[in-house]
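Lettering of chains follows the sequences in order, A, B, ..., and the numbering in each one begins at 1. As the structure is a computational prediction, the values presented were derived from the model and not from experiment.
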2 protein chains.
Amino acid sequence: MLFTHMVERNDTDQLSAILKAASEPNRRAILTLLAQNGPMKVTDIAARFDLSLNAISKHIKVLEAAGLASRRTEWREHLIEVQMGPLSQIENWFADLRSIWALRLDALEAALLEEDNND
Amino acid sequence: MLFTHMVERNDTDQLSAILKAASEPNRRAILTLLAQNGPMKVTDIAARFDLSLNAISKHIKVLEAAGLASRRTEWREHLIEVQMGPLSQIENWFADLRSIWALRLDALEAALLEEDNND
DNA sequence: CTGTCATTCCCCCAAGTGGTTGACTGACCT
DNA sequence: AGGTCAGTCAACCACTTGGGGGAATGACAG
């Protein structure tokens, strides 16, 4: 098996979700904030941004849906924590793409060598 | 300088564009196809998908805008080529995030040790 | 001169996105 | 009982997005 991270059909949806979630600057900022500070309450996160609590709440839900954040609800206080794990799916996809690319270049080089031998 | 890839304000837009462009399954498929086959004409790319030529043309423009593909126009034939370079911006962002995260854990551990000494 | 070809450009549509404001929930504190 | 507080839900708005169809372009072939 050449491509160790070979993506199964089911995973592509999650990969799409992860990339899309990460494509929004505010959401990336939230992830950074959580990485710095550890678990935070929704309100405290919102306080760092020039956005309504509601908007932040929605962003967090998107991050959760993508698996990039998790929530520990302690009555009305929701502690949000960053989840680094799923981000590696991006790396895996990237690594696969690079493998495919390198494979083609290798084949190309081999073909050129073959041609040299026939001269 | 701790974070070697520290993202400047100007870069975040491009990073967003890259992530967003890559978040669409069809666009990822196009990238894979190009990585496998090398430069291809728009029509030939479209032939591999169950989408209109128009849709493919638009997807390619998104990839171009994100810097993930480039175009070499030879009269009416446009040769599209994948560009792996910009993808590393994703890796850089990821590495930075991970650094920030690890930094917090280190600080946490240090604090615990300090506490131990005071016991 | 009339097609054909590869591709873009323009217009249309349905669905999704980021953002807002306002109402709701339910324990806790006077 | 009545207010506060953390957070979600619901409705709404402007804008974008992914997709389609069709016309336009401009060299080249018959």
Side-chain angles (χ1 to χ4, degrees), chain A residues 9 12-34 37-82, chain B residues 9 12-34 37-82:
Chain A
R9 178 74 206 120
T12 69
D13 289 354
Q14 208 210 334
L15 180 55
S16 297
I18 294 173
L19 286 162
K20 198 143 122 194
S23 76
E24 222 282 334
N26 287 319
R27 279 191 297 256
R28 280 201 307 279
I30 292 177
L31 290 181
T32 304
L33 189 61
L34 289 173
N37 294 13
M40 291 178 74
K41 306 194 318 182
V42 178
T43 318
D44 290 346
I45 297 174
R48 307 297 200 90
F49 292 87
D50 198 21
L51 284 181
S52 72
L53 175 63
N54 250 331
I56 297 294
S57 175
K58 279 202 218 171
H59 278 312
I60 291 175
K61 248 182 300 181
V62 172
L63 291 174
E64 265 187 293
L68 295 178
S70 66
R71 178 186 310 246
R72 193 161 12 101
T73 303
E74 208 128 329
W75 181 221
R76 63 182 166 177
E77 293 191 1
H78 300 208
L79 278 202
I80 312 297
E81 187 171 13
V82 65
Chain B
R9 177 76 202 115
T12 70
D13 289 354
Q14 207 210 333
L15 179 55
S16 297
I18 294 173
L19 286 163
K20 197 143 124 195
S23 76
E24 222 282 332
N26 288 319
R27 274 185 307 250
R28 281 202 306 280
I30 291 177
L31 290 181
T32 304
L33 190 62
L34 289 174
N37 294 13
M40 290 179 75
K41 306 194 316 184
V42 178
T43 318
D44 290 346
I45 297 174
R48 307 295 201 92
F49 293 86
D50 199 20
L51 284 181
S52 72
L53 177 62
N54 243 330
I56 298 293
S57 176
K58 281 197 212 171
H59 278 310
I60 291 174
K61 247 181 300 181
V62 173
L63 291 174
E64 265 187 294
L68 296 178
S70 66
R71 179 186 308 246
R72 194 161 12 100
T73 302
E74 206 127 330
W75 184 221
R76 64 185 163 174
E77 293 190 0
H78 300 207
L79 279 201
I80 313 296
E81 187 171 13
V82 65

Atom-to-atom span, CG of B/L53 to P of C/dC5 - whole angstrom | 13 Å
The reported gap from CD in B/E64 to CD1 in B/I80 (rounded to nearest 0.5 angstrom) is 5.5 Å
Got a donor-acceptor contact below 3.5 angstrom from the A/R27 side chain to the A/A22 backbone?
-> no
Would you please confirm or rule out a distance under 4.0 Å between OP1 or OP2 of D/dG19 and any side-chain N or O of B/S52?
-> no
Return the value, rounded to whole Å, for the distance between atom CG of A/L79 and atom P of D/dA6.
-> 13 Å
Whichever of B/S57 and A/A55 has the more 5' nearest nucleotide on DNA chain C, that residue is B/S57
Determine yes or no for a side-chain-to-main-chain donor-acceptor pair under 3.5 angstrom, with A/R28 supplying the side chain and B/T12 the backbone.
-> yes
Nearest-0.5 Å distance that lies between atom CD1 in A/I30 and atom CE in A/M40 = 10.0 Å
Establish, with yes or no, whether the OP1 or OP2 oxygen of D/dG18 is under 4.0 angstrom from a side-chain nitrogen or oxygen of B/K58.
-> no
DNA chain D nearest-nucleotide lookup for A/H78 and B/H59: closer to the 5′ end is A/H78
Separation of atom CD in B/E77 from atom P in D/dG26, rounded to whole Å | 18 Å
Measure from CG on A/D50 to P on C/dG18 and round the result to the nearest Å.
-> 17 Å
Can you tell me the distance, in whole Å, between the NZ atom of B/K20 and the C1' atom of D/dT17?
-> 8 Å
Round to a whole Å and report the spacing from CE of B/M40 to C1' of C/dA6.
-> 14 Å
Got B/L34 and B/I45 here, is their nearest side-chain heavy-atom distance under 4.5 Å?
-> yes
Take atom CD of B/E74 and atom C1' of C/dC5, then tell me their distance rounded to the nearest Å.
-> 16 Å
Within the distance-only criterion (no hydrogens, no angle test), does the side chain of B/R72 pair as donor or acceptor with the backbone N or O of B/P39 below 3.5 angstrom?
-> no
Counting side-chain heavy atoms from CB outward, which of D/dG18, C/dG18, D/dT8 is closest to A/E24?
-> C/dG18
To the nearest Å, how far apart are A/I56 CD1 and D/dC9 C1'?
-> 17 Å
Encode nucleotides 23-30 of chain C as B, S and - characters from 5' to 3', where the letter depends on protein heavy atoms closer than 4.0 Å: B to the base, S only to sugar-phosphate, - to neither.
-> ---BS---
Nearest of D/dG18, D/dC9, C/dG19 to any side-chain atom of A/K61?
-> D/dC9
Heavy-atom pair with the smallest gap, counting every atom of B/L31 and B/L68 = CD2-O, 3.9 Å
